[in-house]
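Worth saying up front: this structure is predicted, and the values here are computed from it rather than measured. Numbers restart at 1 for each chain; the letters A, B, ... are given by sequence-line order, proteins then strands.
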Amino acid sequence: MMGQKKEITNREIADRLSTMARLLEIAGEDRHKVQAYERAARRIEHLSFPAAGCSEEELTRIPGIGVRIAGQIREIAVTGTFAELETLRTAIPGSLIELLGVAGVGPRTLHLLWKRLGIETIDDLERAAKARRLRTLPGFGAKKEETIAKGARQFRRRPDTMTRPQVEAVLANLRAFLPEGEYTVTGSYRRGAATIDEIEVVTIADKAAVAESLATIDGAHLNLRFTDPARYGTALLCSTGSANFLEKLADVARKKGYRLTPDGLSSISDGRVHTFASEEEVFSFLGMAPIPPELREDRGEIELAQRLTLPDLVDIHDVRGDLHAHTVASDGRQSLEEVAEAGDTRGYEYIVITDHSSRVRPETLLKQRDAIDKINQRHTCQLLLGSEVDIRSDGTLGYPNRILADLDLVIASIHSGFGQNQDIVTRRVLSAMENEHVDIIGHPTGRLLGKRPAYAVDLFRVIDHAAETGTALEINASPHRLDLEDIYIWHAKKKGVKLAVGTDAHRTGEFENMRYGIALARRGWCAPNDILNTLPLSSLQEWLS
DNA sequence: GCCGTTTTCGGCCCGACTGTTTTCAGTCG
């Protein structure tokens with residue numbers, strides 16, 4: 001089948017343009033030229049019509065798109081890329097671009113490292129740091145060299161795991177040949193984990209039929225398990241794990257005279273195999289309540305399932321709003337109006353606008369308030385005016401109290417001084433919680449999965465203090481953060497600390513990430529009433545006041 | 001590279017922070 005060639009999306013065009021911006025930056029080009037590409041990428045991504053269908057003349061009418069970039073967009077629409085981009089790609093080694101992931105190394109530094117020291121790989125970088133050659137560069141000293149050396153060590157040690165979006169990119173390829181309904185993604189992905197080592201999939205598809213297509217997938221850590229509908233239940237169970245959970249479950253089965261295998265429960269006495277089409281049937285056969293995948297970590301869930309007293313877990317449908325969103329007023333790419341529309345689409349009662357304090361002047365807050373008042377009249381989903389206020393290096397907040405007092409909700413977050421020692425960084429957070437206007441501590445550990453470790457904050461002290469001050473802790477639902485980790489959620493819940501699930505959405509598509517945050521909350525055994533944003537608007541406002 | 005126009009080139013977002021500085025450059029959000 002010839003199948004119509006799919007028109008290239010605005011997102012894909014924007015992606016090419018921002019790649020161009022990155023490469024230009026490393027190449028040492030004028031930063032305004034770099035920004036021009038970034039701006040153009042943003043514009044394209046935001047269009048309400050497909051740019052691929054536009055003529056060059058139509059494209060130049062879009063602000064931020066001139067003759068040159070318009071021509072390049074036309075080229076992308078036809079060939080998928082453009083000449084200048086490909087030329088740059090051949091000039092700049094791929095291993096060099098990866099080094100942007102080293103903490104403390106930005107594009108300008110990378111340019112210097114490359115041009116002046118000939119550094120192209122992480123090995124080169126570590127060698128140069130060890131030989132004290134970095135400090136010979138203009139604007140460099142011993143401290144900067146040490147910062148980068150540390151960043152390089154972390155970069156090398158970065159875990160070989162995938163974030164959920166990385167997994168989903170692989171799964172998108174899988175969909176091309178595994179029909180909907182014929183497979184389930186299992187493993188730690190199904191258990192809602194923040195990072196995934198191995199993509200596990202159980203399928204009833206015909207092995208011979210898909211083998212060839214399978215080879216075409218960049219199958220990093222992809223593990224397909226073939227089964228048939230009659231055995232689907234045990235296949236799912238065994239493939240979902242976790243290992244500890246399965247060990248304990250196998251004990252339960254053994255006590256009843258069975259061995260647990262992906263093919264079924266086989267009788268120890270006569271070898272007969274009972275097969276199960278669903279997990280529920282397996283649990284039921286073993287005299288247990290069905291255990292949600294997120295709980296399967298052997299943290300006491302099996303015992304509770306045997307007593308039929310599993311906790312009531314929060315569900316995505318319990319969520320009534322989002323507590324963390326950015327707009328164009330700071331570093332977001334969405335307008336207030338777009339946020340309200342997204343909220344309506346999701347059936348939310350409210351979304352809290354929480355732009356960065358460092359990027360929003362008090363006058364702008366007043367303007368946001370006026371705009372929100374107008375927008376709220378046209379939408380079911382009500383916007384609230386909040387802020388993500390910096391907890392600065394010295395522990396003070398980014399706004400004075402008189403500004404904070406006028407906001408509907410205040411998230412306080414750390415965005416600097418990541419290297420401070422445990423006591424200092426912890427005291428910063430504790431002092432923020434002391435402020436009566438602070439409602440939530442945002443992304444409490446500051447980790448960026450695969451990029452930056454958590455700062456040295458002592459979460460047990462934070463949780464204890466949150467219980468005293470009545471401050472909520474955020475479960476940041478961004479798949480690049482997923483901060484807090486489940487055991488801390490569990491601990492906070494036990495102490496009676498409220499958890500606030502926020503997507504930290506910078507563009508409308510990211511409100512979808514709520515599901516990741518809720519999965520994490522479930523891993524932390526949270527019930528609906530542990531989660532702040534399951535409250536109806538009026539109750540939320542009551543809690544805030 | 002784009003824009004606006006004072007049609008031929010200068011300005012383009014920014015605040016906190018850090019390290020290198022003695023007045024600034026680069027990173028990060």
Side-chain angles (χ1 to χ4, degrees), chain A residues 17-18 20-44 59-73 82 84-85 88 99-113 134-151 324 326-333 354-362 364 387-399 411-420 424-425 428 442-443 446-448 451-452 455 476 478 480-481 483 504-506:
Chain A
L17 295 175
S18 45
M20 182 70 178
R22 288 241 305 285
L23 296 182
L24 285 172
E25 225 172 355
I26 297 169
E29 279 281 351
D30 174 60
R31 67 176 200 283
H32 300 297
K33 182 171 169 180
V34 172
Q35 268 167 12
Y37 275 97
E38 272 166 2
R39 235 182 352 252
R42 261 200 310 272
R43 278 289 176 177
I44 293 298
L59 287 168
T60 52
R61 262 183 291 185
I62 301 167
I65 312 278
V67 184
R68 181 123 183 147
I69 293 185
Q72 290 167 338
I73 292 172
F82 59 103
E84 289 89 340
L85 177 62
L88 263 186
L99 295 185
L100 279 177
V102 176
V105 175
R108 323 282 323 170
T109 301
L110 196 53
H111 175 73
L112 273 182
L113 294 173
L134 300 188
R135 63 182 69 183
T136 64
L137 292 169
F140 279 62
K143 271 199 171 158
K144 206 172 229 177
E145 187 173 72
E146 177 47 32
T147 306
I148 292 177
K150 199 172 149 198
H324 191 159
H326 295 269
T327 73
V328 288
S330 63
D331 58 348
R333 300 200 175 168
T354 52
D355 277 307
H356 292 285
S357 61
S358 59
R359 304 276 300 257
V360 178
R361 270 187 267 276
T364 312
S387 172
E388 183 179 15
V389 59
D390 282 337
I391 304 172
R392 287 193 293 229
S393 218
D394 60 1
T396 59
L397 298 176
Y399 287 136
I411 302 175
S413 306
I414 284 184
H415 292 116
S416 62
F418 302 136
Q420 292 175 340
I424 291 178
V425 77
R428 269 167 89 187
H443 45 72
R447 72 173 181 181
L448 290 177
K451 290 216 175 84
R452 189 177 69 205
Y455 28 75
N476 190 295
S478 161
H480 304 291
R481 292 189 182 271
D483 181 8
D504 206 348
H506 284 67

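- Here the separation of B:dT8 from B:dT22, taken at their P atoms, is 41 Å to the nearest Å.
- Put simply, A:S358 has no side-chain N or O that comes within less than 4.0 Å of OP1 or OP2 on B:dC14.
- Whole-Å rounding puts the A:I62 CD1 to B:dC2 P distance at 12 Å.
- Atom CG of A:D30 and atom P of B:dC3 are 16 Å apart (whole Å).
- One interatomic measurement links the two molecules: NZ of A:K33 to P of B:dC3, which rounds to 15 Å at whole-angstrom precision.
- A sub-4.0 Å separation between OP1 or OP2 of B:dT27 and a side-chain N or O of A:T109 is present.
- There is a side-chain donor-acceptor pair under 3.5 Å between A:Q72 and A:Y37.
- For A:R359 and B:dC14, the shortest distance from a side-chain N or O to OP1 or OP2 is not below 4.0 Å.
- Taking atom CD of residue A:Q35 and atom C1' of nucleotide B:dC2, one finds them 12 Å apart after rounding to whole Å.
- Under the 30°/60° scheme for interplanar angles, the aromatic rings of A:H443 and A:H415 are found to stand perpendicular.
- In this entry the distance linking NE2 of A:H356 with P of B:dC28 reads 15 Å, nearest Å.
- When heavy atoms are screened at a 4.0 angstrom cut-off, A:R361 is found touching the sugar-phosphate backbone but no base atom.
- The OH-P distance, from A:Y37 to B:dC12, rounds to 21 Å in whole Å.
- Look at A:R43 and you won't find any side-chain N or O under 4.0 angstrom from OP1 or OP2 of B:dC2.
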